Asks: 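Take a look at this one; I'll ask things after.
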Amino acid sequence: MATRLTETDVVIVGLGAAGGVAALPLAQAGLDVIGLEAGTWLTRRDFAPDELRNNVRGWPQSVQKANREIPTHRPNASTPTGPRPAVHPMMNAVGGTTLHYWGQSWRLNPWDFKVVSDTRRRYGASRIPRGSTVEDWPFGYEELEPYYDKVEYEIGVSGKAGNINGKIDHRGNIFEGARKRDFPMPPLRSTDFLDKMAAAARTLGWYPFPGPASINSTPYQKRSACMYHGFCNRGGCHVDAKNTTSVTTIPKAQATGHLKVVARAHVTRLEVGGDGQVTGVTYLTDGQEYFQPAKVVLLASYVYENVRLLLLSNSKACPNGLSNNHGQVGRHYFSHNTLSLVTALFPANLNNWYGLPAQGVAVDNWADDNFDHTGFDFIGGGNLWVYSDRRPISAATMSTFGKTRSWGSAWKRFIKENADRTNTAYLQKTTLPYEDNSLDLDPVVKDPLGFPVCRITADFKDNDRKISSFVQDKMEQWYLAAGAIATQRGPSGTMGTSTHAYGGTRMGDNPETNVVNRWGFSHEVPNLGVLGSSLMGTSGAHNPTLTAQALAWRTADYLVKNWNAISRKRS
Ligand SMILES: Cc1cc2nc3c(=O)[nH]c(=O)nc-3n(C[C@H](O)[C@H](O)[C@H](O)COP(=O)(O)OP(=O)(O)OC[C@H]3O[C@@H](n4cnc5c(N)ncnc54)[C@H](O)[C@@H]3O)c2cc1C
Ligand code: SF4
């Protein structure tokens with residue numbers, strides 16, 4: 001029997017990137033918020049610059065809840081599910097995956113909000129890929145701009161603006177949507193190699209610029225600037241220069257006296273009353289069950305768990321899962337195509353033995369709809385990202401580019417000579433939702449509590465693969481222009497468990513095709529909000545987190561302004 005706790009105004013399930021941001025405006029408005037977080041508090045002392053521990057053994061993800069519920073995956077409904085990866089990439093802790101993420105903090109491009117109408121207008125309706133369920137967002141970039149701005153200043157993002165109120169600055173990204181002011185901090189510093197890549201891009205007539213990062217380039221809000229020692233691309237920062245929500249918005253919300261963080265609280269179910277509204281959530285701590293009543297519940301446990309918890313919270317009134325009477329929970333799922341990489345070999349050392357993946361140079365000429373697609377057979381594109389990050393173990397696994405065998409003394413000689421002469425670009429591409437890509441509950445595989453894990457049925461489609469090939473061509477061209485002596489293309493892979501997952505609780509005005517409305521609240525359960533990239537119906541060609549955080553702030557803002565209309569009244 002669950003212990004019933006005292007009712008609160010708002011419960012947030014998961015205090016990661018999205019939940020950790022939403023807590024701040026709610027607490028500042030004086031609402032009493034309880035953040036139920038499956039993980040625990042980790043601090044800078046928990047993070048060592050240790051490649052073996054972080055990248056190979058996957059600490060701390062490997063010991064946590066997420067790792068015991070890794071989704072299964074099958075490319076389509078007629079194939080069996082394959083073996084699951086050994087480690088879930090996401091994290092359970094206060095601050096969530098922002099503790100060990102790379103920190104690239106991109107806004108989406110205005111085109112990403114209106115892919116359907118812009119494509120129809122510019123190229124004709126036939127150019128929307130067949131089978132895609134893509135919709136325009138219910139609002140445009142301009143609506144989210146003030147929230148992007150709030151988050152950039154609150155958590156701290158470094159970068160260089162390319163478009164302030166329509167005034168283009170070639171030192172930044174000239175393709176970005178208009179922003180009202182520059183970043184709160186200048187970009188992370190460059191390196192000789194990044195400068196060389198930027199110069200090569202210019203010779204091709206492209207526009208290189210430093211990417212935005214939620215990593216301090218200067219001391220910010222009493223936290224240190226980055227030291228560029230690296231080893232944090234699967235680990236946290238030991239000087240708090242990485243702006244995870246556990247050192248930014250969460251402590252600030254706690255300081256208001258209106259946020260209570262309950263760590264090690266594993267939410268298993270959202271509960272619903274006879275009035276069809278959510279009454280609170282049930283959670284487990286050390287095997288003890290608690291019921292936390294709340295007037296409003298915000299679900300912020302990342303895409304797979306958001307969908308799983310809704311599907312597991314079924315009842316007589318909603319036999320197919322909470323907020324799923326239209327069968328939309330789990331639909332419009334996709335994961336960002338970040339595979340199909342390109343690696344290059346240079347004739348001299350690059351001096352990349354330091355730095356971090358958010359320290360780099362980007363080209364957006366081939367992203368989104370920044371170029372004319374008339375002569376192409378795909379829509380969308382990719383962001384080219386070259387960054388500074390090298391670690392000994394990963395360096396030893398470098399490609400030999402077919403120049404020697406991959407064992408023995410010849411191989412050792414090759415690695416010794418070339419380990420600092422190689423570079424792999426990170427290429428993020430437009431990926432779209434499709435009819436037959438979805439999430440549901442696995443009929444066989446269960447977590448240790450006996451609940452089914454999430455099942456991914458999804459694969460990349462023609463449009464996604466054509467973009468990959470096009471973007472790889474562009475990246476090879478860029479490397480060769482910078483003097484590379486060999487390039488190699490990686491495979492396109494499939495849509496398994498992803499760090500950039502989208503959809504499953506998509507946001508839109510039409511309840512027949514979307515789970516939540518334009519404010520992030522359920523079409524069916526008015527006092528239930530959902531936060532995170534599960535709301536997003538397009539990915540664009542950039543990382544998702546800043547957009548998920550801007551949306552989370554907007555949902556929280558809307559809740560504060562409409563508290564009486566949204567919150568549950570006792571019957
Ligand atoms: C190595 C790596 C690098 C990345 N780099 C970038 C990058 O550079 N830029 C970028 O934009 N994105 C990046 N990402 C992706 C980014 O981390 C995610 O987009 C972001 O963290 C998602 O935010 P979220 O709040 O939905 O999930 P999370 O940040 O993962 O937070 C979810 C929280 O919910 C908690 N939770 C889960 N289930 C429950 C439950 N049942 N009960 C209670 N609590 C629960 C979890 O413990 C977690 O704290 C990266 C991810 C990884 C793994
Ligand atoms: S490189 Fe920067 S962000 Fe990474 S651990 Fe060092 S100081 Fe922190």
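Whatever order the structure lists them in is the order used to number ligands and atoms, beginning at 1. As the structure is a computational prediction, the values presented were derived from the model and not from experiment. Side chains included, hydrogens not; waters and symmetry mates left out as well; all remaining heavy atoms used.
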Asks: Using a 3.5 Å cut-off on N or O atoms only, is Gly103 in polar contact with ligand 1?
Replies: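 N/O-N/O distance under 3.5 Å: yes.
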Asks: Could you check Gln292, His266, Glu37 and say which one makes a side chain to side chain contact (heavy atoms under 4.5 Å, CB included) with Tyr283?
Replies: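 Output: one option passes, namely Gln292.
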Asks: Is there at least one pair of N or O atoms, one from Thr545 and one from ligand 1, spaced under 3.5 Å apart?
Replies: yes
Asks: Compare Ala265, Ser534, Ala66, Ser105 and give the one whose heavy atom is closest to atom 43 (C) of ligand 1.
Replies: Ala265
Asks: Would you check whether Ala18 has a nitrogen or oxygen atom less than 3.5 angstrom from a nitrogen or oxygen atom of ligand 1?
Replies: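 Such a contact does occur with ligand 1.
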Asks: Below 3.5 angstrom, do we get any N/O pair linking Leu531 and ligand 1?
Replies: no
Asks: Does Phe521 have Arg518 sitting over its ring (NZ/CZ under 6.0 Å from centre, angle to axis within 45°)?
Replies: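 Arg518 over Phe521 ring: no.
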Asks: For atom 8 (Fe) of ligand 2, state how many protein N, O or S atoms fall inside a distance shorter than 2.8 Å.
Replies: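 Number of qualifying protein atoms: 1.
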Asks: Could you list which atoms of ligand 1 come closer than 4.0 Å to a heavy atom of Pro89?
Replies: 53 (C)
Asks: Is the Lys NZ or Arg CZ of Arg189 less than 6.0 Å from the centre of Tyr228's six-membered ring, within 45° of the axis?
Replies: yes
Asks: Atoms of ligand 1 less than 4.0 Å from Lys65 heavy atoms?
Replies: 37 (C), 38 (N), 39 (C), 40 (C), 41 (N)
Asks: Number the atoms of ligand 1 from 1 as they appear, then name those within less than 4.0 Å of a heavy atom of Asn92, with their elements.
Replies: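 Taking each heavy atom of Asn92 in turn, ligand 1 has 46 (C), 47 (O) under 4.0 Å.
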Asks: Nearest non-hydrogen contact with atom 32 (C) of ligand 1 belongs to which option: Gly96, Gly39, Ala300, Ser533?
Replies: Ala300
Asks: Give yes or no for whether the N/O distance cutoff of 3.5 Å, strictly under, is met between Asn543 and ligand 1.
Replies: yes
Asks: In sequence, state the C-alpha distance, the side-chain angles, and the governing distance for Tyr333 and Tyr304, and then conclude on side-chain hydrogen bond (donor to acceptor under 3.5 Å, both in side chains).
Replies: CA-CA 10 Å; Tyr333 169 78; Tyr304 303 116; 2.7 Å; yes
Asks: Sequence neighbours excluded, which residues qualify as side-chain contact (heavy atoms from CB on, under 4.5 Å) partners of His500?
Replies: His336, Thr338, Tyr426, Gln428, Ser498, Tyr502, Asn543, Pro544
Asks: Can you confirm, on distance only, whether ligand 1 has an N/O atom lying under 3.5 Å from any N/O atom belonging to Asn233?
Replies: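 No.
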Asks: Closer than 4.0 Å to some heavy atom of Leu36 - which atoms of ligand 1 meet that?
Replies: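 So the atoms of ligand 1 that pass are 43 (C), 44 (N).
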Asks: Please check if any side-chain donor atom of His542 sits under 3.5 Å from a side-chain acceptor atom of Asp364, or the reverse.
Replies: yes
Asks: Does any N or O atom in Val267 lie less than 3.5 angstrom from one in ligand 1, N or O only?
Replies: yes
Asks: Do me a favour and list the nearest non-hydrogen protein atom to atom 1 (S) of ligand 2 with residue, atom name and distance?
Replies: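 Checked against all protein heavy atoms, atom 1 (S) of ligand 2 sits closest to Gly230 N, 3.2 Å.
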Asks: Under a 4.5 Å cut-off applied to non-hydrogen side-chain atoms, are Thr248 and Arg223 in contact?
Replies: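 Of all side-chain heavy-atom pairs linking Arg223 with Thr248, at least one is under 4.5 Å.
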Asks: Pick one of side chain, backbone, both or neither for how Tyr228 approaches ligand 2, counting any non-hydrogen atom pair under 4.0 Å.
Replies: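 For Tyr228, the contact with ligand 2 is made by the backbone alone.
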Asks: Does any N/O atom on Glu69 come nearer than 3.5 Å to any N/O atom on ligand 1?
Replies: no
Asks: Which of the atoms in ligand 1, numbered in the order shown and given with their element, are less than 4.0 Å from a heavy-atom of Arg234?
Replies: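 The list of qualifying atoms is 1 (C).
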Asks: Check ligand 1 against Gly16 and write out every atom of the ligand that is under 4.0 Å from a heavy-atom position of the residue.
Replies: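 Ligand 1 atoms under the 4.0 Å threshold to Gly16: 25 (O), 29 (O), 31 (O), 33 (C).
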Asks: Check step by step if side-chain hydrogen bond (donor to acceptor under 3.5 Å, both in side chains) holds for Tyr148 and Thr547.
Replies: CA-CA 7 Å; Tyr148 276 133; Thr547 300; 2.8 Å; yes
Asks: Pair Leu188, Ser158 - check side chain to side chain contact (heavy atoms under 4.5 Å, CB included), show working.
Replies: CA-CA 7 Å; Leu188 291 167; Ser158 55; 3.9 Å; yes
Asks: So is there a nitrogen or oxygen of His266 less than 3.5 Å from a nitrogen or oxygen in ligand 1?
Replies: no
Asks: Which of the listed options, Gln549, Met91, Gln64, Gln104, holds the heavy atom that is closest to atom 9 (N) of ligand 1?
Replies: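 It is Gln104 that holds the nearest heavy atom.
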Asks: Is any N or O atom of His100, backbone or side chain, closer than 3.5 Å to an N or O atom of ligand 1?
Replies: no
Asks: Can you tell me which residue among Leu299, Leu535, Val515 is in a side chain to side chain contact (heavy atoms under 4.5 Å, CB included) with Asn306?
Replies: Leu299
Asks: For atom 30 (O) of ligand 1, which of the options Thr40, Val530, Thr97, Ile12 provides the nearest non-hydrogen atom?
Replies: Thr97
Asks: Is any side-chain heavy atom of Leu31 closer than 4.5 Å to one of Val560?
Replies: yes
Asks: Distance under 4.0 Å to a non-hydrogen atom of Ala93: what atoms of ligand 1 satisfy this?
Replies: 47 (O), 49 (O)
